[in-house]
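Read through the structure below, which is laid out as structure tokens, and then see the notes.
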Amino acid sequence: MEWYEQLSAWIAEKQPVRVKTYQGEAVVLPVKLYQDTRKLFVYNRQMRLMNIPLDRIISVEPTRIIGSFDRRGEEAMVHTR
């Protein structure tokens with residue numbers, strides 16, 4: 001139950017987290033936690049909504065990111081001087 005409380009706090013704070021699953025790891029922005037269906041809904045860095053079953057999660061820890069979480073337009077940006 002403590003894990004649900006910590007995830008709920010990070011969701012309220014809009015805190016990006018690093019999630020490790022059996023398929024790999026990713027930095028995501030958690031948005032909703034459903035205890036009854038045991039799923040965590042998150043946005044990835046390309047702002048795609050995904051759900052992660054809680055039984056596949058190995059660990060979740062808060063992380064810091066530099067700049068904006070949304071990286072949809074980064075590949076289209078051109079930097080000039």
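What you see below is based on every heavy atom in this structure, not just the backbone, and it leaves out hydrogens, waters and symmetry mates.
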Going from CD1 on Ile11 to CD on Gln6, what distance comes out if it is rounded to the nearest 0.5 angstrom?
10.5 Å

Separation between CG (Asn51) and CG (Leu40), nearest 0.5 Å, reads 8.5 Å

Can you confirm whether more than 12 heavy atoms, excluding those of Glu13, are under 6.0 Å from its CD atom?
yes

Heavy atoms of Pro30 and Gln15 approach each other most closely as CD-O, 3.4 Å

Reference residue Leu49; test side chain to side chain contact (heavy atoms under 4.5 Å, CB included); the match among Asn44, Val31, Val42:
Val31

Closest heavy-atom contact between Leu7 and Val60?
CD2-CG1, 4.0 Å

Can you measure from OH (Tyr34) to NZ (Lys39) and round to the nearest 0.5 angstrom?
11.0 Å

Considering all heavy atoms of both residues, which atom of Asp55 and which atom of Arg38 are nearest to each other, and what is their separation?
N-NH2, 4.3 Å

If you look at every heavy atom in Val27 and Arg45, which pair is closest and at what distance?
O-CG, 3.9 Å

Could you check if a side-chain atom of Leu54 sits within less than 4.5 angstrom of a side-chain atom of Tyr4, using non-hydrogen atoms only?
yes

Provide the closest heavy-atom pair for Leu33 versus Ser8 in the form atom of the first, atom of the second, distance.
CD2-OG, 4.1 Å

Rounded distance (nearest 0.5 Å) linking atom CD of Gln23 with atom CZ of Arg56:
6.0 Å

Using every non-hydrogen atom in the two residues, find where Lys14 and Leu29 come nearest and quote the distance to one decimal.
O-CD1, 3.7 Å

